[in-house]
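Both counts, for ligands and for their atoms, begin at 1 and track the order of listing.
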Amino acid sequence: MNPETFETFKKYIETNLGIKMPAAKKVMLETRLGRRLRALKIPSYEEYCDFVFSKEGYAGGEIQQLIDAVTTNETDFFREPQHYDFLTNRVLPELVIDRGIDEINVWSVAASTGQEAYTLAMVLSDFARTKHRFNFQILGTDISSAVLEVAQTGIYTDRQTQKIPPFLKKAYCLRSRNKSDNTIRLKPEVRGKIMFRQLNLMDSSYPLKKKYHIIFCRNVFIYFDKPTQRKVLERIYEHMAPEGYLFMGHSENIADVNLPLKNVSSAVYKNTAQVNR
Ligand SMILES: C[S@@+](CC[C@H](N)C(=O)[O-])C[C@H]1O[C@@H](n2cnc3c(N)ncnc32)[C@H](O)[C@@H]1O
């Protein structure tokens, strides 16, 4: 890929997706776009670049293919498991039992293929079943339509579901009837709790009507530069319920933002804006 072509992709990706594209990511970009070149039988990155930003490219959805190719979608069930312990031991008892909220809104901000949202659904369902009844809805959003399609199915391989504790797997997952097919599917009652929608965190506002008591925004800020992180966090904050909780990835530091968020556990923040009582 020649330097001008790299600059064109870099500018588009940084401006529209917020994802940093330093020169060190050139090889990664080449590898990922290489798959599109082969699929479309386009001989060079330069011709692909012309195509993707052309009228036909836009009309044919190639921009979305570019977005799907450049996002990193690594995720897992029970990733950073301390967060789910904190949720069960501190957050849910406070929201559901102490404050008596019977309708909890949860948002998985960069949901990828859905494992985070389904983990939340299982953890919350289990709390509602064994400790204290309440209702909840989970919104899972991501910029990549390809990952959202996977998330929507709620189907995962045995390998992908290894981290789900057996008692939760038994309660909330169904094994495929086809014995040779090593997959499980989340039960309809769990899938019914989650709505997956496409949302670009770089948009100037988010079309969300609710305030969220629990927001998981993990492992997406690492791709953004500091000013972008700040702007995105301000927009996410607008949709946070007073005294709600924000979970960030463990490597994501939001120390220098000027928002009423108090660090209450490792990478967990509480909105200090008070509920009108
Ligand atoms: C590494 S995954 C994190 C998944 C999950 N939150 C976790 O921690 O396991 C990062 C996700 O952020 C999404 N993403 C990147 N830039 C985005 C943007 N501007 N708006 C919305 N989602 C974005 C990617 O598509 C990707 O699925």
Quiz item: Under 3.5 Å between some N or O of ligand 1 and some N or O of Ser144?
Solution: no
Quiz item: Closest heavy-atom contact between Ile222 and Ser251?
Solution: CG2-OG, 3.8 Å
Exercise. Under 4.0 Å from a heavy atom of Asn200: give me the atoms of ligand 1 that qualify, with their elements.
Key: 18 (C), 19 (N), 20 (N)
Quiz item: Closest non-hydrogen protein atom to atom 8 (O) of ligand 1, residue and atom name please, with distance?
Solution: Asn219 ND2, 2.8 Å
Quiz item: Quick one: does NZ or CZ of Lys193 land under 6.0 Å from the six-membered ring centre of Phe136, within 45 degrees of the ring axis?
Solution: yes
Quiz item: So, does Leu199 sit close enough to ligand 1 that a heavy atom of it is under 4.0 Å from the ligand?
Solution: yes
Quiz prompt | Residue portion contacting ligand 1 (non-hydrogen atoms closer than 4.0 Å) for Tyr223 | solution = side chain
Exercise. Mark up the atoms of ligand 1 that fall under 4.0 Å of a heavy atom belonging to Leu201, in ascending order.
Key: 18 (C), 19 (N), 20 (N), 21 (C)
Quiz item: So which bit of Thr72 gets within less than 4.0 Å of ligand 1, heavy atoms only: side chain, backbone, both or neither?
Solution: backbone
Quiz item: For the ring pair Phe216 and Tyr84, is the centre-to-centre distance below 6.0 Å?
Solution: yes
Self-check item: Nearest-neighbour protein heavy atom for atom 7 (C) of ligand 1, which is reported as residue plus atom name and distance
Solution: Arg79 NH1, 3.2 Å
Quiz prompt | Residue Glu74 vicinity, atoms of ligand 1 by number, heavy atom under 4.0 Å | solution = 1 (C), 2 (S), 3 (C), 4 (C), 9 (O)
Self-check item: Option set Ile19, Asn16, Asp142, criterion heavy-atom distance to atom 24 (C) of ligand 1, minimum
Solution: Asp142
Exercise. Assess the side chains of Asn2 and Tyr45: does a donor N or O sit below 3.5 Å from an acceptor N or O?
Key: no
Quiz item: How close does the nearest protein non-hydrogen atom get to atom 15 (C) of ligand 1, and which residue and atom is it?
Solution: Val220 CG2, 3.8 Å
Practice problem: Among all protein heavy atoms, pick out the one at the shortest distance from atom 23 (C) of ligand 1; state its residue, atom name and that distance to 0.1 Å. | Solution: Ile143 CG2, 3.5 Å
Quiz item: Between Thr71 and ligand 1, which residue portion shows a heavy-atom distance shorter than 4.0 Å: side chain, backbone, both, or neither?
Solution: side chain
Practice problem: Take Gln229 and Asp225 through the test side-chain hydrogen bond (donor to acceptor under 3.5 Å, both in side chains) and record every step on the way to the result. | Solution: CA-CA 6 Å; Gln229 290 181 2; Asp225 64 16; over 6 Å; no
Quiz item: Knowing that exactly one of Ile42, Leu66, Thr5 qualifies, which makes a side chain to side chain contact (heavy atoms under 4.5 Å, CB included) with Cys49?
Solution: Thr5
Quiz item: For the rings on Tyr269 and Phe247, is their centre-to-centre separation under 6.0 Å?
Solution: no
Exercise. Walk me through it: do Gln115 and Thr75 pass the test side-chain hydrogen bond (donor to acceptor under 3.5 Å, both in side chains)?
Key: CA-CA 7 Å; Gln115 286 89 327; Thr75 186; 4.6 Å; no
Practice problem: Could you walk me through whether Asn271 and Tyr237 pass the side-chain hydrogen bond (donor to acceptor under 3.5 Å, both in side chains) test, one step at a time? | Solution: CA-CA 9 Å; Asn271 185 0; Tyr237 180 80; 2.6 Å; yes
Quiz item: If you measure only the distance, is there a donor-acceptor pair under 3.5 Å linking the side chains of Ser176 and Asn178?
Solution: no
Practice problem: Answer with yes or no whether the side chains of Glu56 and Ser54 bring together a donor and an acceptor at under 3.5 Å. | Solution: yes
Quiz prompt | Numbering as shown, the atoms of ligand 1 that approach Thr75 to under 4.0 Å (heavy-atom distance) | solution = 4 (C), 5 (C), 7 (C), 9 (O)
Self-check item: Distance-only N or O hit between ligand 1 and Ala110, under 3.5 Å
Solution: yes
Quiz item: Would you say Leu17 has any N or O atom under 3.5 Å from an N or O of ligand 1, going by distance alone?
Solution: yes
Quiz item: Is it the side chain (CB and beyond), the backbone, both or neither of Arg218 that lies under 4.0 Å from ligand 1, heavy atoms counted?
Solution: both
Quiz item: Which ligand 1 atoms, with their elements, are less than 4.0 angstrom from a heavy-atom of Ser112?
Solution: 4 (C), 27 (O)
Quiz item: Which atoms of ligand 1 sit under 4.0 Å from any heavy atom of Glu116?
Solution: 5 (C), 6 (N), 7 (C), 8 (O)
Self-check item: CZ-OH distance between Phe53 and Tyr12, expressed to the nearest 0.5 angstrom
Solution: 6.5 Å
